[in-house]
Each structure stands twice: as C-alpha cells, then as structure tokens.
S.K.: 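Following this message is one structure expressed as structure tokens.
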Amino acid sequence: TDAITRTEMFARINTGGTTANDAEVRRGSLPGPFIDLVIELAKTPEFEELTPISKAHIDKREREELVTRFFAYLEGFESQMKGGQGDIPAYKESPRTFFFMFVKDMNERTTAEIQSHGSSKTLIRMRESFFEMLKFVKVISPNGFTKSRSGNQVPRVRFESLAVGSALAIREDKRVLERAPDLTPLLESNEFAKATKSDAANVKSKLLGRIRLVKNWILEQ
C-alpha cells in the first residue's frame with residue numbers, strides 16, 4: 001500500500017482505544033531520518049525550557065508536533081512570493097495533508113543524502129537553524145513561547161508566529177542576532193493578540209499574517 005493508505009490504516013486501528021493524534025500517526029507510519037530529528041529535538045533541554053507544557057501534552061507528543069510545524073512552515077516559506085511578503089505555496093489550508101507530505105518528502109530527501117554521502121547536509125542545517133532560533137527567542141521573548149512566566153501552555157498559533165517569524169528574520173538578516181530586540185512591545189500589542197487568536201487558526205491568510213507580523217517587526221527594529 002502507499003504511504004497515505006498506511007497512515008489511514010494506522011489511524012483507524014488506533015480508534016479502537018485512544019485515538020492516535022497526528023504526531024503519533026506520522027511517527028508510526030513515516031519512519032525515517034527527519035522523524036528521528038524531530039524526536040531528538042523535541043527532547044532537548046533548550047526546547048523543553050521554552051515549552052513548559054503539561055505531562056498530558058508531553059505524552060501526546062505535542063512537542064514533536066511543534067517541531068514538525070516549525071520546520072514545515074520555515075522550509076516551505078518562499079520569501080520572494082506575494083510581492084516580497086512571502087508565501088507558503090504548498091499549504092492549502094489542510095494542515096494534516098501538508099505536514100504528512102512534508103515529512104514524507106523530507107524523509108526521502110535526507111535518506112538519499114545519507115545513502116550518497118554518509119550524512120545529510122539538510123539535517124545538519126535544520127538542526128543548526130532550530131537551536132539558533134531557540135537561543136534568539138530566549139533572549140527576545142521574556143516568557144519563551146508561553147504568555148507568562150508561570151505559564152504551562154504553548155498555544156500553537158503563538159509558537160508558530162514566534163518560532164517561524166524569528167527564524168525567517170534571522171535568515172533574511174543575520175544582524176538581528178546582534179540587535180536581539182525585546183519583543184515585549186509586540187507581544188503586548190492588540191495587533192499580536194488579534195493575529196494569534198485561535199479561531200480560524202489553520203486559515204492560510206491567518207497563518208501567514210502572524211508569521212509575517214513577527215518577522216517584519218524584528219527586521220524593522
């Protein structure tokens with residue numbers, strides 16, 4: 001059977017007990033170097049520090065979901081599209097399909113690199129980008145990816161805007177690492193609150209809006 005059929009079978013089998021979530025389905029049906037990287041990064045102390053979530057969410061592999069979303073949006077972002085505002089052309093407002101195809105493609109790509117060269121330049125680059133982003137967010141956002149110092153929730157919309165927006169700003173201008181502006185004025189603004197509302201979270205225009213908001217704010221400081 002093809003990969004999509006296997007994923008559907010895996011999901012249906014698991015409905016007999018606790019339904020598998022998307023992160024578990026991808027982990028079970030798409031093994032490979034990229035998934036291994038996701039699992040590795042989700043368990044790093046640096047990431048755990050900035051994502052203080054409940055044990056229930058940890059058990060449901062929420063951190064793996066966040067890591068997957070970060071790379072899918074970052075790697076899929078084409079900065080020259082939409083008049084220079086950037087776009088994620090592969091995203092069609094069906095996140096489950098988008099993430100599945102991204103993981104599948106990255107597994108195949110990195111497997112080919114490992115088979116040809118003994119290692120994957122793509123995985124090395126992605127790992128470096130991830131830790132660079134974490135170090136930057138730790139400096140510019142007083143509460144990491146949470147709303148308060150005592151927070152134990154990491155809303156996906158908030159994580160996506162901060163993580164992907166920061167990484168894109170760094171990619172466009174490395175000098176932001178030196179400036180490292182305090183993000184508090186943006187985080188406390190009505191504009192940010194509106195951009196990170198959970199309603200219509202998967203609508204493409206909303207997704208792009210919140211990522212661009214953080215990216216552009218950082219670059220303008």
Side-chain angles (χ1 to χ4, degrees), residues 22-23 26 34 38 41 47 50-51 62-106 109 122 125-126 129-130 132-134 136-137 140-141 143-147 153-177 179-221:
D22 289 349
R26 290 192 298 267
F34 176 69
V38 169
L41 296 181
F47 190 53
L50 295 177
T51 56
E62 178 65 12
R63 286 196 175 110
E64 291 178 23
E65 179 70 21
L66 295 177
V67 175
T68 300
R69 285 171 176 254
F70 168 72
F71 284 125
Y73 293 144
L74 178 63
E75 296 297 314
F77 193 89
E78 299 288 344
S79 60
Q80 300 306 313
M81 298 184 72
K82 299 289 184 180
Q85 283 297 304
D87 190 16
I88 305 176
Y91 188 81
K92 307 297 182 183
E93 298 183 8
S94 175
R96 179 171 295 172
T97 301
F98 173 70
F99 296 137
F100 176 88
M101 294 308 300
F102 174 76
V103 171
K104 179 176 180 293
D105 291 345
M106 290 305 303
R109 174 179 171 180
T122 300
R125 173 181 58 79
M126 295 175 85
S129 296
F130 184 76
E132 186 176 55
M133 176 276 294
L134 290 183
F136 186 65
V137 170
I140 68 172
S141 177
N143 305 317
F145 297 111
T146 61
K147 293 182 179 180
Q153 293 183 341
V154 179
R156 290 176 180 178
V157 289
R158 188 181 184 89
F159 173 81
E160 292 162 0
S161 62
L162 294 180
V164 183
S166 294
L168 288 172
I170 295 169
R171 177 185 289 180
E172 187 165 322
D173 185 358
K174 286 282 187 179
R175 291 175 297 179
V176 302
L177 293 171
R179 298 198 299 269
D182 182 358
L183 205 62
T184 302
L186 175 64
L187 298 179
E188 295 180 349
S189 70
N190 292 331
E191 189 178 12
F192 184 78
K194 183 178 179 180
T196 53
K197 284 185 177 180
S198 59
D199 62 313
N202 295 320
V203 174
K204 186 175 183 178
S205 60
K206 299 283 188 180
L207 168 65
L208 290 172
R210 58 181 176 264
I211 290 174
R212 291 169 180 163
L213 177 64
V214 173
K215 167 181 172 284
N216 293 337
W217 192 91
I218 291 173
L219 291 172
E220 290 167 1
Q221 303 312 301

S.K.: Just to verify, which of Leu50, Leu186, Leu187 counts as forming a side chain to side chain contact (heavy atoms under 4.5 Å, CB included) with Leu162?
M.R.: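 Between Leu162 and the candidates, side chain to side chain contact (heavy atoms under 4.5 Å, CB included) is satisfied uniquely by Leu187.
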S.K.: Check for a donor-acceptor pair, side chain of Lys206 on one end and backbone N or O of Lys197 on the other, with a separation under 3.5 Å.
M.R.: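 Not a single qualifying donor-acceptor pair exists.
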S.K.: Can you confirm whether Leu168 sits close enough to Phe77 that some side-chain heavy atom of one is under 4.5 Å from a side-chain heavy atom of the other?
M.R.: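 Touching, per the 4.5 Å side-chain cut-off.
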S.K.: Under the side chain to side chain contact (heavy atoms under 4.5 Å, CB included) rule, what do Phe130 and Val67 come out as? Steps first, then yes or no, please.
M.R.: CA-CA 9 Å; Phe130 184 76; Val67 175; 4.1 Å; yes
S.K.: Walk me through it: do Leu183 and Ile218 pass the test side chain to side chain contact (heavy atoms under 4.5 Å, CB included)?
M.R.: CA-CA 8 Å; Leu183 205 62; Ile218 291 173; 4.1 Å; yes
S.K.: For the CG atom of Leu74 and the CZ atom of Arg171, what is their distance to the nearest 0.5 Å?
M.R.: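 Answer rounded to 0.5 Å: 4.0 Å.
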S.K.: Can you see which heavy atom on Ala201 is nearest to which on Val157, and at what distance?
M.R.: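 Of all heavy-atom pairs spanning Ala201 and Val157, the closest is CB-CG1, 3.7 Å.
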S.K.: Measure the spacing between CG of Asn202 and CZ of Arg96 and express it to the nearest 0.5 Å.
M.R.: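 The CZ atom of Arg96 is 10.5 Å from CG of Asn202, to the nearest 0.5 Å.
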S.K.: In terms of side-chain geometry, is the basic nitrogen of Lys174 or Glu132 positioned less than 4.0 Å from the acidic oxygen of its partner?
M.R.: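 Result for this pair is yes, salt bridge flagged.
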S.K.: Determine the minimum heavy-atom distance between Ala163 and Phe70, stating which atoms define it.
M.R.: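 Reported closest heavy-atom pair: O-CE1, 3.5 Å.
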S.K.: Using side-chain heavy atoms (C-beta onward) and a distance below 4.5 Å, is Ile140 in contact with Ser166?
M.R.: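 A side-chain contact under 4.5 Å exists here.
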S.K.: At their closest point, which heavy atom of Leu134 faces which heavy atom of Phe145, and how far apart are they?
M.R.: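 Scanning both residues completely, I find the closest heavy atoms to be CD2-CE1, 4.1 Å.
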S.K.: For the backbone of Glu65 and the side chain of Arg156, can you confirm whether one donor and one acceptor N or O come within less than 3.5 Å of each other?
M.R.: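 Checked: no pair found.
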S.K.: Between atom NZ of Lys215 and atom CD of Glu172, what is the distance when rounded to the nearest 0.5 Å?
M.R.: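 Between atom NZ of Lys215 and atom CD of Glu172 there are 4.0 Å.
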S.K.: Can you see which heavy atom on Phe136 is nearest to which on Pro181, and at what distance?
M.R.: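 The pair with the smallest heavy-atom distance is CZ-CD, 4.3 Å.
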S.K.: Determine whether Met101 and Thr97 make a side-chain contact, defined as any pair of heavy atoms from C-beta on separated by less than 4.5 Å.
M.R.: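 Yes, their side chains come closer than 4.5 Å.
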S.K.: The test is side chain to side chain contact (heavy atoms under 4.5 Å, CB included); show your working for Val103 and Phe71 and say whether it passes.
M.R.: CA-CA 9 Å; Val103 171; Phe71 284 125; over 6 Å; no
S.K.: Compare every heavy atom of Lys147 with every heavy atom of Asn143, then report the nearest pair and how far apart it is.
M.R.: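 The answer is ND2-O, 3.3 Å.
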S.K.: Flag yes if more than 12 heavy atoms outside Gln153 fall under 6.0 Å of its CD atom; otherwise flag no.
M.R.: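 Atom CD in Gln153 is not crowded, with 12 or fewer foreign heavy atoms closer than 6.0 Å.
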S.K.: Can you tell me how far CZ of Phe98 sits from CD1 of Ile88, rounded to the nearest 0.5 angstrom?
M.R.: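 Here the rounded value is 5.5 Å.
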S.K.: Is there a side chain to side chain contact (heavy atoms under 4.5 Å, CB included) between Asp173 and Arg179 once you walk through the steps?
M.R.: CA-CA 11 Å; Asp173 185 358; Arg179 298 198 299 269; 3.9 Å; yes
S.K.: Any side-chain to backbone donor/acceptor pair from Arg63 onto Thr51? Under 3.5 Å, distance only.
M.R.: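 Side chain of Arg63 to backbone of Thr51: a pair is present.
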S.K.: Lys92 side chain to Pro89 main-chain N or O, any donor-acceptor pair under 3.5 Å?
M.R.: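 Yes, because the side chain of Lys92 sits within donor-acceptor range (under 3.5 Å) of the backbone of Pro89.
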S.K.: Donor-acceptor check, side chain of Ser141 to backbone of Val137, threshold 3.5 angstrom: yes or no?
M.R.: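 No.
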S.K.: Hey, is the main chain of Gln85 close enough, under 3.5 Å, to the side chain of Arg212 for a donor-acceptor pair?
M.R.: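 Yes.
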S.K.: Is the shortest side-chain heavy-atom distance between Val38 and Met106 below 4.5 Å?
M.R.: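 They are not in side-chain contact.
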S.K.: Looking only at the aromatic ring of each residue, does the gap between the centers of Phe99 and Tyr73 stay below 6.0 angstrom?
M.R.: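 Distance test on ring centres: under 6.0 Å, yes.
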S.K.: So, for Phe34 and Phe102, is the gap between ring centers shorter than 6.0 Å?
M.R.: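 Centroid separation for Phe34 and Phe102: below 6.0 Å.
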S.K.: Distance from Leu208 atom CG to Asp87 atom CG, nearest 0.5 Å?
M.R.: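 Rounded to the nearest 0.5 Å, the CG-CG separation comes out at 5.5 Å.
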S.K.: At what distance, to the nearest 0.5 angstrom, does CD of Gln221 lie from CG of Asn216?
M.R.: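 If I round to the nearest 0.5 Å, the distance is 11.0 Å.
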S.K.: How far apart are the closest heavy atoms of Phe159 and Leu66, and which atoms are they?
M.R.: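 In this case the closest contact between Phe159 and Leu66 is CE2-O, 3.1 Å.
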